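Written below as structure tokens is the structure these notes are about.
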Amino acid sequence: MAFLSRFAPRTPRALSPVLAAVLIGLLAGPALAEAPAKAPAPRAASGVVPWLYRGSDVPQDKAWIFGVLPNGLRYAVRRNGVPPGQISVRVLVDAGSLYETEPQRGYAHLIEHLTFRDSKYLKAGEAIPAWQRLGATFGSDTNAETSPTQTVYKLDIPDISSAKLDETFRLLSGMITAPVFTDVGVKTEVPIVLAEMRERSGPQTRILDGTRALFFAGQPLGSRSPIGTEETLNAATPAKVKAFHDAWYRPDNAVIVVAGDADPQAMITHIKQWFGTWKGTGKRPPQPDFGAPKPPAAADPANPVGDAKVMVEPDLPRVFNYAVLRPWHKVNDTIVYNQGLMIDRLGLAIINRRIEGRARAGGSYLAASVEQQRLSRSADATLVTVTPLTDDWKAAVTDVRAVIADALATPPTEEEIQREVAEFDVAFKVPVETQETLAGSKLADDITDAVDIRETVANPDTVYSIFRSSIPLFTPAAVLEHTRALFKGTVIRPVLVTPKATDGTEADLRAALLAPVVPSSASRLAASSLSFKDLPPIGEPGKLTNAEGTSLLGIERVELSNGVKALLWSNEAEPGRVIVRVHFGGGYSVIDPKDAVYASLGETALMDTGFGNVGREELDRLATGRKLSLDFDIEDTSFKMSADTRPADLADQLYLFAAKLAMPRWDANPVVRAQAAARLAYEATNASAASVMQRDAGWLLKDGDPRYATPTPAEMSRANPEGFRRVWSALLKQGPIEIDIFGDFNRDETIAALERTFGALPQRDPLPATGFAPRLPEPVGDPLTLTHHGDANTAAALVAWPTGGGNAGIHESRQLDLLAQVFNNRLFDAMREKIGASYAPQVSSNWPLDLPSGGYLAATTQLRPGDLPAFFAASDRIAAELASSPPTADEVARVTEPMKQLITRASTGNGFYMYQLEGGALMPEKFGQIRSILSDYSAITPDRLQALAKRYLLPGKAWRMRIVPGK
């Protein structure tokens, strides 16, 4: 089942950006867990078995209707009303970069671009506007993806009607079955793809490409990145592209999936009408051979360490990866097979918990993890990633191997198994409790994923039932057997990413994995239980002193005897889900600029320091089998704790948040680890123009306020746990508290829980007066110039005009969002469509509602250094044109219709109202402001947008920044 094979138990937080990038890059393709040694025969089924379930005994999800047209096109449709009025269409073509020949590299992805450029019913330049007029936002509602094994076209169409349903399938059929490949189209689109290639270039891409080349040496996946190469793309012609399209874009190699708020039979009728006459060209080509990992010559079969690679990247921290590789085989997706997957996952979860426990206790590595995936139908791999804490990567690798060796030598304890089973239970049960809220887009994506990885799908009840019935199989002996199998393979290949060439050789890497290792039983976590019943009370419970309605949707404003306020909205819109937000204190505005480093550390370490006698390990034990979280963010004028929980865990979630304020704990280890992670990661922020932009734009746009800056390694080194405690012990005591709780909960029980928790807090210290009023820097001469260490042909730029701030200007702030989108469409056309200089220029408006100033409308892009003048000129020209004459009615419709539909869809869920109203217990005016949101975003005239441009997009007021290659 796609759900089971995609399920991953909770793993340690990846503190290294490279660690995360490598795993994401390698695991972005199809992913399956390892098959049992012998796949069981499928259970005989009566009647016609839907095409997705052939060879499987997994109970069918009866909500889906499956069929096959006479031309071989497969389809799956179902009714789904989340969000109301929307349909989600997916067209999967079973062809990605692994289907290309050497001269065709990049063609699968290029065709994805060309399909949106020119087709039977949408001529050049018409696709994006057409979908926008139908209410779809380009890039989110209208998109496509190309992977090594498939290309998927994705459309989410809101406010569906019979006419829009027909138009959607008509336009889509022209794109898929009859794209138009012309010299102009290819010559226009290739530079855009090359711009996309540049924007994704840099050390992380080099690491991904180098790692992929080693792990899959001798296989197409080793060199077949979907983006292709400059040489093959520049050599593309309409005839060459059409040859690839004719080979693989054919009905017997495609699947259409539709889930949405429409009659399934009507969907099927439209599929038949618009795709039923589609015919393939010639015979379907044979499936390409993706190869298999080969054993190294003269290697020890018990430890077949093969080729290794050292990659030197001066801006990146050290990361050691190795893969245990086995051949990929097609499996029958049966219940027994999935039970084997669960045992695999159980063994890995136990190892990962031990690895994290050793790191927290002061290990030689900052973070490490073990994962197992079946990758792009090319290999079955167990992947181990280690981020050393110091220069001594060999010690870190030895320590992690010692933890793994222990898991291979001795079975886990029953207590360890039961702890992970409890985690699995909640992970499988939550989808059962919240299945009524599953969006049609998610359900459609699940089918396309299942087709790609050659699995089935099952509804959450089926998945949970299979899991519960499988628990007796989760014995120590079974876990040991499966864990051992996960670390056996045809070949083992290691990679070291290092900033220094002197750190080691390929021989050193092989020696590190060939060296004997002593199993470390010390990494096993002691078996102990901890319950919320064992924890002390927050204090003397408070009382509810006031409760009043807000005249909006039954939302209630309440106040406790100690002055704590809350917004409560108990509703059944999303069964099984409760959203909690706690705002307190003064956020960035009350942090002393000289203590700016502790703002950054607070975001990563504050919650891990625990409370009372509860440290990080105890927090994990409390959360076992529960849906609890301790997310923390710093906003301009408040601190925010957040959780997405469920009704059964709400009271305990409130206790966790209140305990953090009432009895904070000050463990040093989380602070020290966060410092180490920040120091290791900092140099990577110099690695590309995009990373410098991400690091520096935010604080520079606030006139260089250090509180918003990423601390340098020197600044981070001067921080210490004592200073962390000094700063945060004061901040946790300050300012008013508001708790917002929206979702499926019992009102009276929640009031009682609030009285026991937040109602028991002592009186708060007052917030200091700060007069905090950030502003955009004054423009002075040439753009501010920063440098990056990445590729010489990449740069980035930003231009920003000051606007305003404050809650009183909320209506204007919304209209500025629309102006920014009109600007974005024009800049997109100027920089991408006309000259191919930028892949995805972005324009956005930022208006801080809780600050009197500091807003701006900004345009950003990545491009070649030589195209910087073109970007600044285009931005100035568009700003001047918007101020001198109103946009056309069509331009306004292209931004207002998608926004109207976005709001309409979003307003069916609690998250929308939470985002709009959080803080409303302290700022009641928010309730009046939300009532105008739809009209603010949809009822706007071209003249009004021109007036806004005249007011804000003033020549001489724009602040500019560019990021260029440097030494």
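Worth saying up front: this structure is predicted, and the values here are computed from it rather than measured. These numbers come from the heavy atoms of this one structure, side chains and all, not from hydrogens, waters or symmetry mates.
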For [X] and [Y], indicate whether the former's side chain and the latter's backbone hold a donor-acceptor pair under 3.5 Å.
{"X": "Glu738", "Y": "Leu922", "answer": "yes"}
{"X": "Arg764", "Y": "Pro736", "answer": "no"}
{"X": "Glu618", "Y": "Gly615", "answer": "yes"}
{"X": "Asp667", "Y": "Asp608", "answer": "no"}
{"X": "Gln653", "Y": "Ser629", "answer": "yes"}
{"X": "Asn720", "Y": "Gly723", "answer": "yes"}
{"X": "Tyr464", "Y": "Val430", "answer": "no"}
{"X": "Ser600", "Y": "Val597", "answer": "no"}
{"X": "Ser638", "Y": "Ile634", "answer": "no"}
{"X": "Lys640", "Y": "Glu635", "answer": "no"}

Pair [X]-[Y], side-chain donor/acceptor within less than 3.5 Å:
{"X": "Arg673", "Y": "Thr604", "result": "no"}
{"X": "Asn807", "Y": "Gln929", "result": "yes"}
{"X": "Ser364", "Y": "Asp399", "result": "yes"}
{"X": "Asp765", "Y": "Gln734", "result": "no"}

To the nearest 0.5 Å, tell me how far [X] [atom1] sits from [Y] [atom2].
{"X": "Phe424", "Y": "Gln418", "atom1": "CZ", "atom2": "CD", "result": "12.0 Å"}
{"X": "Leu680", "Y": "Gln675", "atom1": "CG", "atom2": "CD", "result": "11.5 Å"}
{"X": "Ser369", "Y": "Glu356", "atom1": "OG", "atom2": "CD", "result": "10.0 Å"}
{"X": "Leu316", "Y": "Glu683", "atom1": "CG", "atom2": "CD", "result": "9.5 Å"}
{"X": "Ile355", "Y": "Arg360", "atom1": "CD1", "atom2": "CZ", "result": "12.5 Å"}
{"X": "Ile555", "Y": "Met914", "atom1": "CD1", "atom2": "CE", "result": "9.0 Å"}

(request) Quickly, which of Thr437, Asn910, Thr434 forms a side-chain hydrogen bond (donor to acceptor under 3.5 Å, both in side chains) with Glu574? Name it, please. (result)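 By the side-chain hydrogen bond (donor to acceptor under 3.5 Å, both in side chains) criterion, Glu574 pairs with just one of Thr437, Asn910, Thr434: Asn910.
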Aromatic ring proximity, centroids under 6.0 angstrom, [Y] and [X]:
{"X": "Trp666", "Y": "Phe611", "result": "no"}
{"X": "Trp728", "Y": "Phe632", "result": "yes"}
{"X": "Tyr588", "Y": "Tyr708", "result": "yes"}

(message) If you count every heavy atom of other residues, nucleotides or ligands that lies below 6.0 Å from Asn613 atom CG, does the total exceed 12?
(response)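 Counting neighbours around CG of Asn613, 12 or fewer heavy atoms of other residues, nucleotides or ligands fall under 6.0 Å, so no.
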(message) Does Glu572, at its CD atom, have more than 12 non-hydrogen atoms belonging to other residues, nucleotides or ligands within less than 6.0 Å?
(response)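 No, CD of Glu572 has 12 or fewer neighbouring heavy atoms, counting only those of other groups under 6.0 Å.
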(request) Test side-chain contact (heavy atoms from CB on, under 4.5 Å) on Phe428 and Val463 and set out the steps. (result) CA-CA 7 Å; Phe428 286 128; Val463 174; 3.5 Å; yes
State plainly whether the residues [X] and [Y] are in salt-bridge range, i.e. N to O under 4.0 Å.
{"X": "Glu416", "Y": "Arg354", "answer": "yes"}
{"X": "Asp744", "Y": "Arg646", "answer": "no"}
{"X": "Glu423", "Y": "Arg345", "answer": "no"}

(request) For the residue pair Pro774 and Asp705, establish whether any side-chain heavy-atom pair is separated by less than 4.5 Å. (result)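 Sidechains of Asp705 and Pro774: no contact.
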(message) Working note: Glu556 + Arg747, criterion side-chain contact (heavy atoms from CB on, under 4.5 Å); need CA distance, chi angles, decisive distance, verdict.
(response) CA-CA 10 Å; Glu556 188 177 14; Arg747 187 262 188 193; 2.6 Å; yes
(request) Could I get the full list of side chain to side chain donor-acceptor pair (under 3.5 Å) partners for Asp850, not counting sequence neighbours? (result)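 Per chain and number, Asp850 pairs via side chain to side chain donor-acceptor pair (under 3.5 Å) with Thr637.
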(request) Apply side-chain hydrogen bond (donor to acceptor under 3.5 Å, both in side chains) to Ser531 and Arg621, showing your working. (result) CA-CA 8 Å; Ser531 166; Arg621 291 189 181 279; over 6 Å; no
Name each donor-acceptor pair under 3.5 Å that joins a side chain in residues 750-761 to protein atoms two or more places apart or in another chain, with its distance.
from	atom 1	to	atom 2	distance (Å)
Thr750	OG1	Asn746	O	2.8
Glu755	OE2	Leu544	N	3.0
Thr757	OG1	Ala753	O	2.7

(request) Test Leu628 against Phe532 for side-chain contact (heavy atoms from CB on, under 4.5 Å), laying out the working first. (result) CA-CA 12 Å; Leu628 300 170; Phe532 278 88; 3.9 Å; yes
(request) For the pair Asp649 and Lys627, evaluate salt bridge (Lys or Arg N to Asp or Glu O under 4.0 Å) and give the outcome as yes or no after the intermediate values. (result) CA-CA 7 Å; Asp649 297 327; Lys627 192 178 181 184; over 6 Å; no
(request) Provide the closest heavy-atom pair for Ala605 versus Pro670 in the form atom of the first, atom of the second, distance. (result)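 Smallest heavy-atom distance, with atoms named: CB-O, 3.7 Å.
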(request) Specify the closest pair of heavy atoms between Pro412 and Ile350, including all atoms of both residues, with the distance to one decimal. (result)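 Closest heavy-atom pair between Pro412 and Ile350: CB-CD1, 3.8 Å.
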(message) Between Arg419 and Glu617, is the salt bridge (Lys or Arg N to Asp or Glu O under 4.0 Å) condition met? List the steps.
(response) CA-CA 13 Å; Arg419 182 173 180 180; Glu617 170 60 21; 3.1 Å; yes
(message) Run the side-chain contact (heavy atoms from CB on, under 4.5 Å) test against Pro411 and tell me which residues pass, sequence neighbours left out.
(response)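 By the side-chain contact (heavy atoms from CB on, under 4.5 Å) rule, Pro411 matches Pro476, Leu480.
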(request) State which residue, out of Arg725, Arg726, Arg718, Arg707, fulfils the salt bridge (charged side-chain N to carboxylate O under 4.0 Å, His left out) condition with Asp595. (result)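 Only one option passes, and that is Arg726.
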(request) Using the salt bridge (Lys or Arg N to Asp or Glu O under 4.0 Å) rule, take Asp392 and Arg318 through it: C-alpha gap first, then chi angles, then the decisive distance, then the call. (result) CA-CA 9 Å; Asp392 191 355; Arg318 292 170 182 81; over 6 Å; no
(request) Evaluate the ring planes of Phe742 and Trp569, with Trp represented by its six-membered ring, and classify them as parallel (under 30°), tilted (30 to 60°) or perpendicular (over 60°). (result)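 The rings of Phe742 and Trp569 stand perpendicular, inter-plane angle above 60°.
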(request) Dump the intermediate steps for side-chain contact (heavy atoms from CB on, under 4.5 Å) on Leu567 and Phe927, then the final yes or no. (result) CA-CA 11 Å; Leu567 291 181; Phe927 285 87; 3.7 Å; yes
